[in-house]
Protein chains: 2
Amino acid sequence: MSSSQMLKGILDGCLLAIISKGETYGYEMIEKLELYGFRMVSEGSIYPVLLRLQKEGFVKSVMKESPSGPKRKYYTLTPSGENEFHEFKERWESLSESVNRLVKEEI
Amino acid sequence: MSSSQMLKGILDGCLLAIISKGETYGYEMIEKLELYGFRMVSEGSIYPVLLRLQKEGFVKSVMKESPSGPKRKYYTLTPSGENEFHEFKERWESLSESVNRLVKEEI
DNA sequence: AACACTATCTTGTTTTACAAAGTAGTTGAC
DNA sequence: GTCAACTACTTTGTAAAACAAGATAGTGTT
């Protein structure tokens, strides 16, 4: 994956990161992203990404009853998703170092 | 600008960063991006961004003769572009901290 | 019943990514 | 002198993505 593809893949990677910390569902992921400092990540943004991640085989999901409210779709990483998350971390490392070198006046 | 808008604006910010270091032109920016570790940033990616940045009033350009080869379109930041670059740096700081907290297992 | 909160999905518009091809000047090799 | 290689910018076309907004639906409170 090239740098520019990387730019688009950050939300994907962040969702993989959240799911890697333990089974969770879409609505909760939005709340967690806010805790981590991401602002304005709305439902219209993340649900389509979750569907794509599942289509690509990186996550799988099961519906479970909620103690209150409608059923929740819980997501977990597949082995392929764990691998993808690992690769995301490396790409992120490389990208953020490049951007930091650039904006922090080095070179 | 929200986090998700931020995700799309990284290439824009990086181009502002490069131009802020001194007058330069598209073809040279691609070479510089490579030096900073960005891979596969092609002409089809950056020229449209440069046109948009100019349309938004963040950069201005002048054509100059090249000592060899076709004329070059040299870009510089406008005051509005300097301000935008400053805001980009703040947004980048905030985003990269969020992503790092997330992938580096904190919280 | 009306409202608020939880939870997911779909739709429709706008924007973006970017490969590919087009145009054009310069340089060096043969 | 022409062929290839490099420099340099633009345009075009397709595919994908972003995301606000709305649809749907269950639960809890007033």
Side-chain angles (χ1 to χ4, degrees), chain A residues 1-16 18-19 23-35 38-56 58-75 88 91 95, chain B residues 1-15 18-19 23-35 38-56 58-75 91 95:
Chain A
M1 189 187 260
S2 69
S3 299
S4 52
Q5 287 299 325
M6 178 68 213
L7 300 184
K8 293 194 293 186
I10 294 179
L11 184 56
D12 302 41
C14 289
L15 291 178
L16 292 177
I18 286 185
I19 299 169
E23 198 181 42
T24 181
Y25 54 98
Y27 195 83
E28 193 179 43
M29 290 184 217
I30 294 169
E31 296 173 334
K32 289 187 177 180
L33 283 172
E34 255 163 65
L35 280 180
F38 294 88
R39 277 157 300 174
M40 306 288 284
V41 178
S42 65
E43 307 174 3
S45 300
I46 83 139
Y47 286 113
V49 174
L50 289 173
L51 291 176
R52 197 180 65 242
L53 290 176
Q54 182 155 27
K55 200 171 149 197
E56 291 168 331
F58 297 142
V59 300
K60 57 183 190 293
S61 63
V62 281
M63 295 298 288
K64 292 189 190 176
E65 295 292 341
S66 162
S68 67
K71 285 186 174 183
R72 298 167 176 171
K73 189 186 267 189
Y74 281 90
Y75 289 90
F88 166 76
R91 293 194 306 264
L95 173 76
Chain B
M1 189 187 259
S2 68
S3 299
S4 51
Q5 287 298 324
M6 177 71 213
L7 300 184
K8 293 195 294 186
I10 294 179
L11 185 56
D12 301 42
C14 289
L15 291 178
I18 286 185
I19 298 168
E23 198 180 42
T24 183
Y25 53 98
Y27 195 82
E28 191 179 41
M29 292 185 216
I30 294 169
E31 295 173 334
K32 289 186 176 179
L33 284 173
E34 254 163 67
L35 280 179
F38 294 88
R39 277 157 299 174
M40 306 288 285
V41 179
S42 65
E43 306 178 0
S45 300
I46 84 139
Y47 286 115
V49 174
L50 289 172
L51 291 176
R52 197 178 67 240
L53 291 175
Q54 182 155 30
K55 200 172 149 196
E56 291 168 332
F58 297 143
V59 300
K60 57 181 189 300
S61 63
V62 282
M63 293 298 288
K64 293 188 188 177
E65 295 291 341
S66 162
S68 68
K71 285 187 174 185
R72 298 168 176 169
K73 190 186 264 188
Y74 280 88
Y75 290 90
R91 293 194 306 266
L95 173 77

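Proteins get letters first, then strands, A, B, ... in listed order; numbering begins at 1 in each. It should be emphasised that the depicted structure is a prediction, and the values quoted were computed from it without experimental measurement.
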Which atoms of nucleotides 2-5 of chain D (N or O only) lie under 3.5 Å from a protein N or O atom, and what are those distances?
none

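Between A:Ser42 and D:dA20 there is a side-chain N or O to OP1 or OP2 distance below 4.0 Å. Regarding contacts with the backbone of C:dT8, every side-chain N or O of A:Tyr27 stays at 4.0 angstrom or more from both OP1 and OP2.
We find that CD1 of A:Ile30 is positioned 12 Å from C1' of C:dC9, with the value rounded to whole Å. Atom pair B:Asp12:CG and C:dC18:P shows a separation of 12 Å (rounding to whole Å applied). Per the geometry, OH belonging to A:Tyr25 stands 18 Å off P belonging to D:dG26, to the nearest Å. Atom CG of B:Leu53 is separated from atom P of C:dA17 by 11 Å (rounded to the nearest Å). Taking atom CZ of residue B:Arg52 and atom C1' of nucleotide D:dT10, one finds them 16 Å apart after rounding to whole Å. Following rounding to the nearest Å, A:Gln54 (CD) and C:dT8 (C1') show an atom-to-atom distance of 13 Å. Atom NZ of A:Lys55 and atom C1' of C:dC9 are 15 Å apart (whole Å). Regarding A:Ile46, its CD1 atom lies at a distance of 12 Å from the P atom of C:dA7, rounded to whole Å.
Here A:Glu43 pairs with nothing under the side-chain hydrogen bond (donor to acceptor under 3.5 Å, both in side chains) rule; sequence neighbours left out. Evaluation of the side-chain contact (heavy atoms from CB on, under 4.5 Å) rule for A:Ser42 yields A:Ser45 as partners, not counting sequence neighbours. In terms of the side-chain hydrogen bond (donor to acceptor under 3.5 Å, both in side chains) criterion, residue partners of A:Tyr74 (sequence neighbours excluded) are, by chain and number, A:Arg72. Remark: A:Glu28 pairs with A:Thr24, A:Tyr25, A:Glu31, A:Lys32 by the side-chain contact (heavy atoms from CB on, under 4.5 Å) rule, at least two apart or across chains. Applying the salt bridge (charged side-chain N to carboxylate O under 4.0 Å, His left out) rule to B:Glu23 yields the partners B:Lys64; only residues at least two apart in sequence or on another chain are considered.
Relative to the side chain of A:Tyr47, the nucleotides C:dT16, C:dA7, D:dC19 differ in distance, and C:dA7 lies closest.
Surrounding NZ of B:Lys71 are at most 12 heavy atoms belonging to other residues, nucleotides or ligands under 6.0 Å away.
Remark: of the listed residues B:Ile18, B:Val62, B:Val59, B:Leu53, B:Val59 is the sole one forming a side-chain contact (heavy atoms from CB on, under 4.5 Å) with B:Tyr75.
In the region residues 65-75 of chain B, proximity to DNA chain C at under 4.0 angstrom, judged on heavy atoms, holds for B:Pro67, B:Ser68, B:Gly69, B:Pro70.
Between B:Leu15 atom CG and B:Arg52 atom CZ the span is 9.5 Å, to the nearest 0.5 Å. Separation of atoms CD1 (A:Ile10) and CZ (A:Phe88) is listed at 6.5 Å; rounding is to 0.5 Å.
Residue B:Glu43 is classed as a base contact, given a heavy-atom separation below 4.0 Å to a base.
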